[in-house]
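Note sheet for the following structure.
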There are 2 protein chains.
Amino acid sequence: MDTQKTYTIGELARDFDVTTRTIRFYEDQGLLSPRRRGQTRIYSPADRTTLKLILRGKRLGFSLAESRELIFMYRPARDNREQLEALIGKITEKRAQLEQQLTDIRILQGELDDAEARARQAMENLENDHV
Amino acid sequence: MDTQKTYTIGELARDFDVTTRTIRFYEDQGLLSPRRRGQTRIYSPADRTTLKLILRGKRLGFSLAESRELIFMYRPARDNREQLEALIGKITEKRAQLEQQLTDIRILQGELDDAEARARQAMENLENDHV
DNA sequence: AGCATGCTTTACGTTAACGTAAACTTCCCC
DNA sequence: GGGGAAGTTTACGTTAACGTAAAGCATGCT
């Protein structure tokens, strides 16, 4: 069946809260390749997923170049041995980076707890001084 | 005692693997305010910590503006009630953002596991085809 | 027919976060 | 006392990731 849902650029833009310019820009950068009906871009569910990956990458501070790598890691890309080993190398690197981010986040969470506790304490003090 | 260790800009640059230009840029942006001995900048352990915070922020994809907020969250800053409530609001927001990042990371980790498994499988297949 | 909506391309503009270069002082060393 | 190394200011350059027009086609209402 050819009954796959498709999306216009405007729909994707609304759904993910980005501008159409942004989506076209990602295409320029080789991250998306939607089909065309005439001039008009038609996005598949797969395209939609790719966009989701890019935006997730952004939330983690990745550049588009990094996100592109991650996306292509996911497409097996008919490889020879060297390429596969290089791929595994990159995966290992990314994993290390993610671990670093995890520890960074945990530390920051602790600091936020701290900061909030102090803020609440300061508010209590205000109350008391006021009385 | 005034026996606090101090650092030159070059030392900090080496220690954190950034350029001196970068450190001066952060000062321009109001993130660092080292003492001066004549013209020369002298960094305290506190300055060093601030720099560490900025770089951790970068690893998490924060802008310098965001890092600046985080840094000032940590300095109690003599507040009234409104300010304190605004502060707590920001802390809550940041926490939500960090939670989002955590889930993003976990999903990505799973995908990396996946990708590596497939890559290893592809390598095995290569061996076999070759034999 | 006329007009709004939503798509398209082309192209110049903008912001953040530095890089890079030039020209100058200060200090130390032999 | 002449380098060299490390600091300084000033200023223009660069890259990524879009923003912001401008001008034009296609479709669908009324």
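To find a chain, count down the sequence lines: A is the first, B the second, and so on, and within it residues start at 1. Computed over heavy atoms, backbone and side chain alike; hydrogens, waters and symmetry mates excluded.
In this structure, A:Arg37 reaches neither bases nor backbone, as no heavy-atom distance under 4.0 Å exists between it and the strands shown. Contacts of A:Thr20 with the nucleic acid, taken as non-hydrogen atoms under 4.0 Å apart, are absent. Note on A:Thr8: only backbone sugar-phosphate atoms sit closer than 4.0 angstrom, heavy atoms only; bases stay farther off.
Listed nucleotides: C:dC7, D:dT9, D:dC18. Nearest to the side chain of B:Gln39: D:dT9. The side chain of A:Arg24 lies closest to C:dT8, out of C:dC18, C:dT8, D:dC18.
Whole-Å rounding puts the B:Leu64 CG to C:dT15 C1' distance at 12 Å. Rounded to whole Å, atom C1' of C:dT20 lies 15 Å from atom CZ of B:Phe25. Atom CG of A:Leu31 and atom C1' of D:dC18 are 13 Å apart (whole Å). Rounded to whole angstrom, the span from the CD1 atom of A:Ile23 across to the P atom of C:dT8 amounts to 10 Å.
Scanning atom types as modelled, one donor and one acceptor separated by under 3.5 angstrom connect the side chain of B:Arg21 and the base of C:dT20.
For D:dA17, neither phosphate oxygen OP1 nor OP2 lies less than 4.0 angstrom from any side-chain nitrogen or oxygen of A:Thr22. Between B:Thr40 and C:dT26 there is no side-chain polar atom (N or O) within less than 4.0 angstrom of OP1 or OP2. Taking side-chain N and O atoms only, A:Lys58 has a distance below 4.0 Å to OP1 or OP2 of D:dC18.
With respect to the salt-bridge test (charged N to carboxylate O, under 4.0 angstrom), the residues B:Glu27 and B:Arg41 qualify. Here A:Arg56 pairs with B:Glu111 in a salt bridge; the nearest charged N to carboxylate O distance falls below 4.0 Å.
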